[in-house]
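Below is one structure, written out as structure tokens; the observations come after it.
The structure presented is a predicted model; accordingly, all values stated were derived computationally and were not measured. Because only heavy atoms are used, hydrogens play no part in the values below, and waters and symmetry mates are left out as well, while side chains stay in. Every chain is numbered from 1, with letters handed out A, B, ... down the list of sequences.
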Amino acid sequence: KAGVTQTPRYLIKTRGQQVTLSCSPISGHRSVSWYQQTPGQGLQFLFEYFSETQRNKGNFPGRFSGRQFSNSRSEMNVSTLELGDSALYLCASSLSPAGTAYEQYFGPGTRLTVT
Amino acid sequence: EDKVVQSPLSLVVHEGDTVTLNCSYEVTNFRSLLWYKQEKKAPTFLFMLTSSGIEKKSGRLSSILDKKELFSILNITATQTGDSAIYLCAVPSGNTGKLIFGQGTTLQVKP
């Protein structure tokens, strides 16, 4: 069974631009969660989608948004990029909503560099 | 506020040593605790623990949960250089279910 895929793997943007990241979950998984990982803050939860609905949202500004499509694929958008947005963005999928008795599997991540 | 704390933050051992990594947590409505291993890429799933006192084992790795004392340990026996990684512990937060991660333990195994 194919794992979680994320595109693109690497991205370089300049301040003020916007970016869209994509995540395709494991087949059959309906929950997709997004995380930001930085050396200083570790792994921080951004949001979770289940069946096209946002279930949870972390403590990030409104510049960070996402959505999920009917095939469970998810996109994350960051507008008006700032230098501090440089990070590894990870998505994880699971069968059921996060926090239930099902583990989450991570994709390879998208490394975003903002210059 | 829900939180997960791991210790130690970093550890250097030699091949063949046994290591114990710690994870303590404070969450409302506890349901599960997960361990992940992260090398130079995305975290890979190791264990999920839901019941107290039951050991999960996979090769040289094992983990156990103590729901009364609110902690879990991850043991690695006969360590190898390939075990060098960041080990992450995560717990779904309260009623929202979003995963709260600890800071991670960076393990370096020297030959």
What about [X] and [Y], same hydrophobic cluster or not, with Ile/Leu/Val/Met/Phe/Trp/Tyr joined at side-chain heavy-atom distances under 4.5 Å?
X        : Y       : value
B:Ile64  : B:Val91 : no
B:Leu49  : B:Val4  : yes
B:Leu61  : B:Leu21 : yes
A:Trp34  : A:Leu95 : no
B:Val109 : B:Leu74 : yes

Report, as yes or no, whether the 6.0 Å neighbourhood of atom CG on A:Asn59 holds more than 12 heavy atoms from other residues, nucleotides or ligands.
no

Around atom CZ of A:Arg15, are there more than 12 heavy atoms from other residues, nucleotides or ligands closer than 6.0 Å?
no

Assess the residue pair B:Leu99 and A:Tyr35 against the criterion (side-chain contact (heavy atoms from CB on, under 4.5 Å)); give the C-alpha distance rounded to whole Å, side-chain angles, the decisive distance to 0.1 Å, and a yes or no.
CA-CA 9 Å; B:Leu99 275 182; A:Tyr35 298 86; 3.1 Å; yes

Heavy atoms of B:Ala42 and A:Pro108 approach each other most closely as CB-CA, 3.8 Å

Of the non-hydrogen atoms in A:Phe106 and B:Pro43, which two are nearest, and what is the gap between them?
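The pair with the smallest heavy-atom distance is CB-O, 3.4 Å.
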
Which atoms of A:Gln37 come close to chain B, meaning under 4.5 Å heavy atom to heavy atom: side chain ones, backbone ones, both, or neither?
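For A:Gln37, side-chain heavy atoms alone lie under 4.5 Å from chain B.
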
Of the backbone (N, CA, C, O) and the side chain (C-beta and beyond), which part of A:Leu90 lies under 4.5 Å from a heavy atom of chain B, both, or neither?
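Looking at A:Leu90, just its side chain touches chain B.
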
Please examine the side chains of B:Gln38 and A:Leu88, heavy atoms only from C-beta on, and report whether any two atoms are closer than 4.5 Å.
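With C-beta onward as the side chain, the pair touches.
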
What part of B:Tyr36 gets closer than 4.5 Å to chain A, counting heavy atoms only: side chain, backbone, both or neither?
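Answer is side chain: those atoms of B:Tyr36 sit under 4.5 Å from chain A.
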
In terms of heavy-atom proximity below 4.5 Å to chain A, should B:Ile86 be classed as side chain, backbone, both, or neither?
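Interface part for B:Ile86: neither.
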
To the nearest 0.5 Å, tell me how far A:Glu103 CD sits from B:Leu46 CG.
11.0 Å

Can you measure from CD (B:Gln103) to CD (A:Gln41) and round to the nearest 0.5 angstrom?
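Spacing of CD (B:Gln103) from CD (A:Gln41) equals 11.5 Å.
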
